[in-house]
Undergrad: 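My questions will all concern the structure given below.
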Amino acid sequence: MAVRVVPSMELHRPPPSVSGGRGKSCLQKPFLVQAKRLEGLEKANTRSRGKQSLEQIKKRAPLTRGTVSPPLPVPSHITRPPYVGTKDAPEIATEIQMHDKASIVHMKAACELAARVLEYAGTLVKPSVTTDEIDKAVHKMIIDAGAYPSPLGYGGFPKSVCTSVNECMCHGIPDSRELQDGDIINIDVTVYLNGYHGDTSKTFLCGEVDEASKRLVKVTEECMLRAISACKHGTSLKKIGRRISEHAERHGFGVVDRFVGHGVGRIFHSEPMIYHQRNNIPGQMVEGQTFTIEPVLSMGSIECDMWDDGWTAVTTDGSLAAQFEHTILITKTGAEILTKC
């Protein structure tokens, strides 16, 4: 589950109201955490804007809000994360989440469960299935495993998984809308198991999807994997953004700079913030730390509008967006992907 960044250093929580329809620009409606504008990146970010012709994409009706059902119950014996029951999203923790041998075992268990749940959720992606049905199935699988669905109750988020369809960049709320033939959908699963969060997402194809959309999805996954392949102890964090930007631009796609990866472990969202576009943010990877890499690519605009629910972020021009995410563990010689089945 990505963290959103916009210029400034103040922290905000999502607005508590949840209603249909499009809202203000993402720049006008702060999400989770805001950070300083990155110096010297205007030229690079301009290059990162998508160049794909919207004429290549099969005509679709704009994404609309369905009916959001009530949050699903969680058995009392399942341990909740500390933020559950509070209205505010917790501040982004400044600590770097480091692991010893014992905590790595717990971290791997949470991540492996998240990966299995995501794989199962992908099998449900078919025309006429609602995202609410996917949420219910994901919720049941998580609680049956004795875990808690981390998004549920995070800053008021009302469901157990994020489902982002077509032009939705991320944080889509499951509802009664039926998936259509030709849709693409990102499913973002995070589980809280034995005190640790495992976080992963993937964009799936629904039915017969056009070639341009397939290409967007393929290149987005490649960007994530290329970034992961650059990770190891001592490597600069900004290398992640450079790897992703280079590959996305080569294929004519834009890298969305409003959402970032994050440290993850006992805490859902912590430092370091992982920027997916070119950046000059200092910092190096350290053996034993865990964080997510989760780039969002767009066929067109990299800017977003926020729906009135305070969560759903859609491209300003209605162009398609795709996202992939893994939680990784930094080692001396590379990075281990923890969110694999």
Side-chain angles (χ1 to χ4, degrees), residues 1-8 11-35 45 48-50 60 62-66 68 89 92 131 135 151 154-159 161-175 177 183-190 199 201-203 216-217 220 224 244 248 253-262 268-269 273-277 292-325:
M1 190 175 188
V3 172
R4 181 177 176 276
V5 293
V6 292
S8 160
L11 291 170
H12 293 268
R13 70 176 177 86
S17 61
V18 177
S19 58
R22 297 177 186 271
K24 298 179 181 179
S25 162
C26 283
L27 289 176
Q28 297 169 298
K29 199 146 191 172
F31 178 58
L32 291 179
V33 64
Q34 303 184 321
N45 286 340
S48 292
R49 296 179 188 278
R60 293 181 176 84
L63 186 64
T64 56
R65 166 57 51 90
V68 178
I92 304 305
T131 52
D135 178 75
Y154 182 87
F157 192 82
K159 306 300 282 183
V161 68
C162 298
T163 52
S164 303
V165 179
N166 294 339
E167 69 264 36
C168 182
M169 292 177 172
C170 58
H171 304 147
I173 299 174
D175 60 24
R177 179 191 179 276
D183 282 349
I184 63 173
I185 175 176
N186 175 271
I187 300 177
D188 191 336
V189 172
T190 313
D199 193 358
S201 85
K202 179 178 180 177
T203 299
L216 170 68
V217 172
T220 304
M224 177 192 65
I244 291 169
F253 297 119
V255 181
V256 174
D257 58 7
R258 304 300 174 192
F259 300 96
V260 299
H262 52 88
F268 196 172
H269 294 119
M273 297 290 98
I274 305 300
Y275 295 86
H276 302 115
Q277 81 285 6
T292 68
I293 297 178
E294 44 186 307
V296 180
L297 268 59
S298 169
M299 281 187 171
S301 174
I302 63 169
E303 303 300 328
C304 67
D305 291 331
M306 188 73 74
W307 280 10
D308 293 338
D309 59 27
W311 290 99
T312 307
V314 296
T315 55
T316 56
D317 62 357
S319 57
L320 294 190
Q323 183 183 31
F324 281 81
E325 175 186 14

Undergrad: Do His276 and Phe259 have ring centroids that are under 6.0 Å from one another?
TA: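 No, the ring centres sit 6.0 Å or more apart.
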Undergrad: Donor-acceptor pair, distance only, cut-off 3.5 Å: does the side chain of Asp175 make one with the backbone of Gly66?
TA: yes
Undergrad: Is the closest side-chain heavy-atom distance between Val161 and Pro174 below 4.5 Å?
TA: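 Side chain of Val161 against side chain of Pro174, heavy atoms only: contact under 4.5 Å found.
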Undergrad: Check the pair Asp309 / Ile173 against side chain to side chain contact (heavy atoms under 4.5 Å, CB included), numbers first and verdict last.
TA: CA-CA 9 Å; Asp309 59 27; Ile173 299 174; 3.7 Å; yes
Undergrad: Supply the atom-to-atom distance Gln323 CD to Glu294 CD, rounded to the nearest 0.5 angstrom.
TA: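 Answer for the CD-CD pair, Gln323 versus Glu294, is 5.5 Å.
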Undergrad: At what distance, to the nearest 0.5 angstrom, does OG1 of Thr316 lie from CD of Glu167?
TA: 11.0 Å
Undergrad: Assess, by modelled atom type and distance only, whether the side chains of Thr315 and Ser301 contain a donor and an acceptor separated by less than 3.5 Å.
TA: no
Undergrad: One pair to check against side chain to side chain contact (heavy atoms under 4.5 Å, CB included): Met273 and Ile92. What are the steps and the verdict?
TA: CA-CA 9 Å; Met273 297 290 98; Ile92 304 305; 3.5 Å; yes
Undergrad: Hey, does the side chain of Ser164 reach the backbone of Gly172 with a donor-acceptor pair shorter than 3.5 angstrom?
TA: yes
Undergrad: Shortest non-hydrogen contact from Val296 to Ala321?
TA: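 So the minimum-distance heavy-atom pair works out to CG1-CB, 4.2 Å.
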Undergrad: Could you give me the CA-CA distance, side-chain angles and deciding distance for Leu216 and Ile184, then say whether side chain to side chain contact (heavy atoms under 4.5 Å, CB included) is met?
TA: CA-CA 10 Å; Leu216 170 68; Ile184 63 173; 4.3 Å; yes
Undergrad: In Å, rounded to the nearest 0.5 Å, how long is the span from CG of Asp188 to SG of Cys162?
TA: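 The CG atom of Asp188 sits 5.0 Å away from the SG atom of Cys162.
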Undergrad: Hey, does Asp308 have a side-chain heavy atom less than 4.5 Å from the side chain of Arg65?
TA: no
Undergrad: If I compare all heavy atoms of Tyr275 with all of Val260, which pair ends up nearest, and what's the gap?
TA: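 For Tyr275 versus Val260, the nearest heavy atoms are CD2-CG1, 3.7 Å.
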Undergrad: Pairing donors with acceptors under 3.5 angstrom, does anything connect the side chains of Ser201 and Asn186?
TA: yes
Undergrad: Can you tell me how far the OG1 atom of Thr64 sits from the CH2 atom of Trp307, to the nearest 0.5 Å?
TA: 6.5 Å
Undergrad: Charged N to carboxylate O below 4.0 Å: is that the case for Lys202 and Glu325?
TA: no
Undergrad: Would a line drawn from the ring center of His269 to the ring center of Tyr154 be shorter than 6.0 Å?
TA: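 Yes, the ring centres sit under 6.0 Å apart.
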Undergrad: Are Thr292 and Ile274 side-chain neighbours, meaning at least one heavy-atom pair lies under 4.5 Å?
TA: no
Undergrad: What distance separates Ile293 CD1 from His262 NE2, expressed to the nearest 0.5 Å?
TA: 11.5 Å
Undergrad: Any sub-3.5 Å donor-acceptor pair from Asn166's side-chain atoms to Leu63's backbone N or O?
TA: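 Between the backbone of Leu63 and the side chain of Asn166 there is no qualifying donor-acceptor contact (under 3.5 Å).
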Undergrad: Atom OG1 in Thr220, atom CD1 in Ile244: separation rounded to 0.5 Å?
TA: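 Taking OG1 in Thr220 and CD1 in Ile244, the distance rounds to 10.0 Å.
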Undergrad: Starting from the C-alpha separation in whole Å, work towards a yes-or-no answer on side chain to side chain contact (heavy atoms under 4.5 Å, CB included) for Thr312 and His171.
TA: CA-CA 5 Å; Thr312 307; His171 304 147; over 6 Å; no
Undergrad: Could you tell me if the side chain of Thr163 sits less than 4.5 Å from the side chain of Ile185, heavy atoms only?
TA: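 Yes, close enough: below the 4.5 Å cut-off.
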Undergrad: Indicate yes or no for a side-chain donor-acceptor contact from Asp305 to the backbone of Val314 under 3.5 Å, with no hydrogens or angles considered.
TA: no
